[in-house]
*Asks:* 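Below is a structure I'd like to ask you about.
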2 protein chains.
Amino acid sequence: MAQNDTVTRILDTAEVLFAERGFAETSLRTITSKAKVNLAAVNYHFGSKKSLIQAVFARYLDPFTERFHRALDELEAHYGDQAIPLERLLETMASSVLEVPAERNSLKVFMRLLGLAYSQAQGHLRRYIQEEYGSVFTRFTALIRQATPELPDSERFWRLHFMLGSVIFTLSGLDALRDIAEKDYAEHVTVRDLVRRLRPVVVAAMQAPVPAHLSSASQEV
Amino acid sequence: MAQNDTVTRILDTAEVLFAERGFAETSLRTITSKAKVNLAAVNYHFGSKKSLIQAVFARYLDPFTERFHRALDELEAHYGDQAIPLERLLETMASSVLEVPAERNSLKVFMRLLGLAYSQAQGHLRRYIQEEYGSVFTRFTALIRQATPELPDSERFWRLHFMLGSVIFTLSGLDALRDIAEKDYAEHVTVRDLVRRLRPVVVAAMQAPVPAHLSSASQEV
DNA sequence: TCCAGTTATAAACATTTGTTTGAAATTTAG
DNA sequence: CTAAATTTCAAACAAATGTTTATAACTGGA
């Protein structure tokens with residue numbers, strides 16, 4: 001119960017605090033005191049604060065990439081050499097994301113961490129995630145390409161990031177938004193509700209008509 | 001040339017550094033040394049680091065809200081008591097955003113700051129922006145409501161934030177994304193290009209079919 | 001010219017940060 | 001049981017942070 005308990009307690013506490021306040025704004029002392037662990041434990045078990053941050057991500061991303069790869073395997077097996085429909089791909093990604101935190105803490109934390117990975121400086125984090133988990137994303141985008149052959153490559157690239165932005169932005173800022181929504185519309189929204197709402201929006205966005213003036217001339221806004 | 005010069009140089013330097021590294025990650029010493037200004041100047045002219053952050057935002061948001069209000073005035077005058085079409089509203093917002101930094105530094109900085117305002121902890125910032133500039137957003141959403149009467153209120157609320165996420169996420173992470181895009185598609189993308197690409201996507205997303213199972217029962221993902 | 005009022009400057013202040021140290025406690029293995 | 005390895009702990013470290021202070025420099029108007 002000894003060594004693993006300390007490591008786990010640090011990770012559990014750190015992920016919540018990071019999600020709430022960001023990385024730079026969360027000190028090791030805040031983490032260790034809240035986790036009821038000695039200050040030096042972080043450097044002993046993880047080496048540095050940077051490595052702790054990466055470890056927090058790995059604990060979510062490792063199971064996610066594994067599940068997601070497996071799910072994509074099944075899809076490919078089922079569809080053979082036909083292109084997998086866009087809706088199926090999006091559904092698969094959504095359910096892979098949703099399944100992971102079910103067996104651990106909270107989906108909210110996972111989403112918020114993803115948002116931070118983009119928005120916070122932390123160059124080391126982006127590098128780490130890219131190197132460690134970039135291949136799943138590459139595989140996924142290749143499948144999306146087959147599902148949307150009518151889109152020019154560059155247009156699809158940008159639209160994917162538009163949608164990535166929708167998802168991460170909304171889900172990672174969920175708490176603040178939920179407060180407003182609850183006050184105005186008297187409904188309590190869960191992450192799963194939002195994913196349901198996101199689906200038709202994302203599909204429609206990906207299939208929006210491609211503007212004629214693509215690469216050329218700068219016209220009015 | 002004396003007093004204003006120092007204030008301006010601090011703001012010019014601070015906005016760039018904030019946009020690059022975030023607020024907590026940018027120290028006053030970094031700002032003042034790069035701005036060739038005494039360390040104490042920030043506290044003398046602005047009072048505190050928090051106030052400096054707010055001042056950086058005000059310098060963009062003040063002209064923006066003024067222009068945007070004016071543009072909405074014109075739209076309302078033109079359309080009388082008819083609802084303003086969604087496309088016109090989105091265009092107006094886009095051009096208001098684009099016009100502001102044209103007369104100052106860079107659009108990129110403005111977008112990145114908006115992204116930070118959401119993602120960084122900085123509770124005081126969110127409060128400040130909400131109190132100072134919340135009314136424009138309220139006015140805008142009211143007009144969007146008239147433009148999309150078929151949408152349930154809550155659905156529109158969330159879709160607006162989905163789209164806000166697309167825009168802020170993409171534009172504020174533009175530098176990193178542009179590097180990838182340039183490498184893969186050999187095209188240099190400007191913010192204006194992206195706004196052009198965003199328009200049909202946002203319109204399609206807002207007009208996506210509303211799922212039948214809206215408020216009730218939790219089904220499969 | 002001279003004197004308020006404003007601005008600039010260097011130095012110091014008190015905190016907070018991540019990390020390291022060396023000894024104590026605990027666990028593991030033979 | 002005992003010796004080695006692992007883990008915990010309190011304390012200290014050096015560096016960096018935002019802010020304050022007291023003095024100097026400068027400014028524009030009488």
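Each chain gets a letter, A, B and so on, in the order its sequence line appears, and its residues count up from 1. Note that the coordinates shown come from a computational prediction; the quantities given were computed from them, not determined experimentally.
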*Asks:* Assuming nearest nucleotide by heavy-atom distance, tell me which of Val37(B) and Lys49(A) is located more 5' along DNA chain C.
*Replies:*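 Per heavy-atom nearest nucleotide, the more 5' residue is Val37(B).
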*Asks:* Rounded to whole Å, please give me the gap between CZ in Phe46(B) and P in dT7(C).
*Replies:*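 Atom CZ in Phe46(B) sits about 12 Å away from atom P in dT7(C).
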*Asks:* Nearest to the Tyr44(A) side chain among dG18(D), dT6(D), dT7(C), which nucleotide is it?
*Replies:*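 Of all the options, the side chain of Tyr44(A) is nearest to dT6(D).
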*Asks:* Identify whether any heavy atom of Thr32(B) sits under 4.0 Å from a base atom; if not, whether one sits that close to sugar-phosphate; answer base, sugar-phosphate or nothing.
*Replies:*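 Nothing: the residue Thr32(B), judged by heavy atoms under 4.0 Å, touches no strand.
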*Asks:* Does the ring center of Tyr60(A) lie less than 6.0 Å from the ring center of Phe110(A)?
*Replies:*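 Ring-ring flag for Tyr60(A)/Phe110(A): true, centres closer than 6.0 Å.
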*Asks:* Taking it one step at a time, do Thr190(A) and Asp193(A) satisfy side-chain hydrogen bond (donor to acceptor under 3.5 Å, both in side chains)?
*Replies:* CA-CA 5 Å; Thr190(A) 67; Asp193(A) 291 331; 3.2 Å; yes
*Asks:* Using side-chain heavy atoms (C-beta onward) and a distance below 4.5 Å, is Phe162(A) in contact with Leu194(B)?
*Replies:*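 They are in side-chain contact.
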*Asks:* Can you tell me how far P of dG18(D) sits from CG of Leu28(B), to the nearest Å?
*Replies:*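 Those two atoms, CG and P, are 4 Å apart.
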*Asks:* Is there side-chain contact between Thr92(B) and Glu74(B), with heavy atoms separated by less than 4.5 Å?
*Replies:*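 A side-chain contact under 4.5 Å is absent here.
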*Asks:* Between Tyr133(A) and Phe64(A), is the ring centroid distance below 6.0 Å?
*Replies:*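 That pair fails the under 6.0 Å test.
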*Asks:* Below 6.0 angstrom between ring centroids: does that apply to Phe57(A) and Tyr128(A)?
*Replies:*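 Phe57(A) vs Tyr128(A): aromatic centres not under 6.0 Å.
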*Asks:* I need the CG-P distance between Leu39(B) and dT23(D), as an integer number of Å.
*Replies:*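 Whole-Å distance recorded here is 19 Å.
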*Asks:* Under 4.0 Å from OP1 or OP2 of dA8(C): is there any side-chain N or O of His45(B) that close?
*Replies:*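 So the side chain of His45(B) is within the cut-off, an N or O lying under 4.0 Å from OP1 or OP2 of dA8(C).
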*Asks:* Strictly under 3.5 Å: I want the nitrogen or oxygen pairs between protein and nucleotides 13-15 of chain C, one per line.
*Replies:*
none

*Asks:* So does Thr6(B) get a side-chain nitrogen or oxygen closer than 4.0 Å to the phosphate oxygens (OP1/OP2) of dA8(C)?
*Replies:*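 So the side-chain polar atoms of Thr6(B) do come within 4.0 Å of the phosphate oxygens OP1 or OP2 of dA8(C), strictly under.
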*Asks:* Has Asn38(B) got a side-chain N or O lying under 4.0 Å from the OP1 or OP2 atom of dA10(C)?
*Replies:*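 For dA10(C), OP1/OP2 do have a side-chain N/O of Asn38(B) under 4.0 Å.
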*Asks:* Would a 4.5 Å heavy-atom cut-off, applied to side chains only, mark Leu114(A) and Val167(A) as touching?
*Replies:*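 No; the side chains remain at least 4.5 Å from each other.
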*Asks:* Could you give the CG-to-P distance, from Asp5(A) to dT8(D), as a whole number of Å?
*Replies:*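 After rounding, the gap between these two atoms is 9 Å.
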*Asks:* Atom NE2 of His124(A) and atom P of dG18(C): how far apart are they, to the nearest Å?
*Replies:*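 About 12 Å, once rounded to whole Å.
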*Asks:* Rounding to a whole Å, what distance do you find between Asn43(B):CG and dA8(C):P?
*Replies:*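 My rounded result for the distance is 14 Å.
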*Asks:* CZ of Phe23(B) versus P of dG18(D): gap in Å, rounded?
*Replies:*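 Spelled out: CZ on Phe23(B) to P on dG18(D) is 13 Å.
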*Asks:* Of all the choices, dG18(D), dT8(D), dT20(D), which nucleotide is nearest to the side chain of Ala40(B) once you look at every atom?
*Replies:*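 That would be dT20(D).
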*Asks:* Does dA16(D) have OP1 or OP2 under 4.0 Å away from a side-chain N or O of Ser27(B)?
*Replies:*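 Ser27(B) to dA16(D) OP1/OP2: no side-chain N or O under 4.0 Å.
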*Asks:* Within the 4.0 Å heavy-atom criterion, would you say Thr30(B) contacts the bases, only the backbone, or no part of the nucleic acid?
*Replies:*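 Nothing, no nucleic acid heavy atom in range.
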*Asks:* dT9(C) P sits how many Å from Lys36(B) NZ, rounded?
*Replies:*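 Roughly 13 Å, once rounded to whole Å.
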